[in-house]
There are 2 protein chains.
Amino acid sequence: MGQRPTICEPMLTTPTTTRDKLLRAALEIAARDGLEAATTAAIASAAGVAEGTLYRHFPSKDDLLIEVYRGIKRAVFEAISDGEAGGEAPDARLKRVWRKLYEAYRSDAEAFMFGQRFAESSLSKREGGAAHEQIAGAVSRLRAAGIERGLFKDLPGDLLANLFFAPVGHMLKTELKGRRWTDAELDATAEAVLDSWRA
Amino acid sequence: MGQRPTICEPMLTTPTTTRDKLLRAALEIAARDGLEAATTAAIASAAGVAEGTLYRHFPSKDDLLIEVYRGIKRAVFEAISDGEAGGEAPDARLKRVWRKLYEAYRSDAEAFMFGQRFAESSLSKREGGAAHEQIAGAVSRLRAAGIERGLFKDLPGDLLANLFFAPVGHMLKTELKGRRWTDAELDATAEAVLDSWRA
DNA sequence: GTCTATATTTGGATAGAC
DNA sequence: GTCTATCCAAATATAGAC
């Protein structure tokens, strides 16, 4: 247990089976050069297998990519939900959950980039739902508890959710361009997100 | 002057020339079905011209798409910068600029979607810079003025910029899924963004 | 299960007539 | 400037041997 799960864990950073090699190869290529670059030839080559082999494991290239996305969503969910300790006040918990989400994505920047690109592609029609949508429930409960105690603004759930999630992606993209946020800066950001919720 | 410019104005919602028809067709297809769907065949067909004609106006398909993106960036910049009236205090101005930016994007949701998809595609390597990057200067000046008067948190410019811009995209995407934000809700959002900046 | 070879389709781009 | 016809390259997917 003590083993902290990273985003890529379920799809293995160092994959062993052919199937996992294909999944990871697709993830890395698409994250680096865009979804269009993840052709069957490129994926198979990077995975070190023949192109035809891909079709022994997946019915189509799109299905492979969708499987990658599913794995990411699953992993983000697991990474977050184990930090859902109770006890704390809503405002303190909001900050912690935000940091936790950020750390989860940061631990596998490639998975994050893949998720971004996938969500903007036409494939998202077949497998919708943002990667962090899984933890929307937790954020929603946080909101209810905070409003009840007069800590948070009494605004619609989807509006507050946007204010919560939006900075995550922006901060990460900035980081992928080489700007490393310090712990203090991330703390200040979490605090700022909290301020945007505060009554 | 009195004529308020919308995002799509420079690329004409109802294009007349063949060139503009091609640009608009590409924008609409990519916004609706993803960049991959904007093939030369699809673009030419939607524009009501032959495929070969496309190459009389653009050296390549990618150049056409890049031209669409440039047009959007130009239009967003114009839509915002004419609202840069002085006089107000930094906190009041922050709210107004945020609302203005949001309205600009909302006035042409398809242009916004195109921008999102383009930015996530590999084409962004050739024509970088987010569409709203043009107004980063205004936001930066706002920050300096506000910090000087002790109104805003003394945090790095790029951090505050993220907090400012991030909710715009999220709110718009929600809206494209059918959730129409009321004026009061947008006002509350602008206020929340301001709160995240406040010292 | 994996490889090699190949079929099939599609998309980007050009040539040449009008 | 536009259209029709066509070329070429690349990408998805399949067939069949090992």
Side-chain angles (χ1 to χ4, degrees), chain A residues 11-12 14-70 114 117-118 120-127, chain B residues 11-12 14-70 114 117-118 120-127:
Chain A
M11 50 204 351
L12 300 165
T14 48
T16 50
T17 71
T18 296
R19 184 191 153 89
D20 285 342
K21 277 181 196 157
L22 286 165
L23 288 169
R24 188 72 205 176
L27 189 156
E28 286 174 1
I29 293 167
R32 183 161 19 89
D33 300 321
L35 266 197
E36 326 86 70
T39 65
T40 52
I43 295 169
S45 163
V49 299
E51 215 172 330
T53 302
L54 189 154
Y55 293 91
R56 289 275 140 201
H57 297 272
F58 303 94
S60 78
K61 190 199 75 164
D62 285 359
D63 286 288
L64 190 162
L65 292 175
I66 288 169
E67 198 53 40
V68 173
Y69 191 60
R70 288 209 182 112
F114 182 95
R117 302 203 141 130
F118 186 95
E120 289 308 328
S121 80
S122 58
L123 277 176
S124 66
K125 285 198 190 70
R126 271 184 64 196
E127 178 74 11
Chain B
M11 47 203 355
L12 298 165
T14 49
T16 49
T17 70
T18 297
R19 184 190 153 87
D20 286 342
K21 278 181 195 158
L22 286 165
L23 288 169
R24 188 71 205 177
L27 189 157
E28 287 174 0
I29 293 167
R32 183 160 21 88
D33 301 320
L35 265 198
E36 324 86 71
T39 65
T40 52
I43 295 169
S45 165
V49 300
E51 215 173 329
T53 302
L54 189 154
Y55 293 91
R56 289 279 141 200
H57 297 273
F58 303 94
S60 78
K61 192 199 75 162
D62 285 358
D63 286 287
L64 189 162
L65 292 175
I66 287 170
E67 198 53 41
V68 173
Y69 191 60
R70 287 210 182 110
F114 181 95
R117 303 204 139 132
F118 187 95
E120 288 308 328
S121 80
S122 59
L123 277 176
S124 66
K125 286 198 189 72
R126 272 185 63 195
E127 178 73 11

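Naming: A, B, ... by sequence-line order, numbering from 1 per chain.
Separating the NZ atom in B:Lys61 from the OH atom in B:Tyr55 is a distance of 8.0 Å, to the nearest 0.5 Å. Annotation: the span from A:His57 atom NE2 to A:Thr53 atom OG1 amounts to 6.5 Å, rounded to 0.5 Å.
Atom CG of A:Leu64 is separated from atom P of D:dA13 by 11 Å (rounded to the nearest Å). Residue A:Asp62 contributes atom CG, which lies 10 Å from atom C1' of D:dT12 at whole-angstrom precision. The nearest whole Å value for the distance from the OH atom in A:Tyr55 to the P atom in C:dG1 is 19 Å. Computed from coordinates, the A:Lys61 NZ to D:dA10 P distance equals 16 Å when rounded to whole Å.
Note on the helix from C:dG1-D:dC18 to C:dC18-D:dG1: angle between the axes of the first and last five pairs equals 0°, rounded to 10 degrees.
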Between N or O atoms, less than 3.5 Å apart, protein on one side and nucleotides 2-6 of chain D on the other: list the pairs.
unit_1	atom_1	unit_2	atom_2	d
D:dT2	OP1	B:Thr18	OG1	2.7
D:dT2	OP2	B:His57	NE2	2.6
D:dC3	OP2	B:Ala50	N	2.6
D:dC3	OP2	B:Thr53	OG1	2.7

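A close approach under 4.0 Å does occur between a side-chain nitrogen or oxygen of B:Thr40 and OP1 or OP2 of C:dG12.
B:Arg19 is not listed as a side-chain neighbour of B:Leu22, based on a closest heavy-atom distance of 4.5 Å or more.
For the residue pair B:Arg117 and A:Glu120, the shortest heavy atom distance occurs at NE-O, 2.8 Å.
Residues A:Pro59 and A:Glu36 each lie close to DNA chain D; by heavy-atom proximity, the contact nearer the 5' end of the strand is made by A:Glu36.
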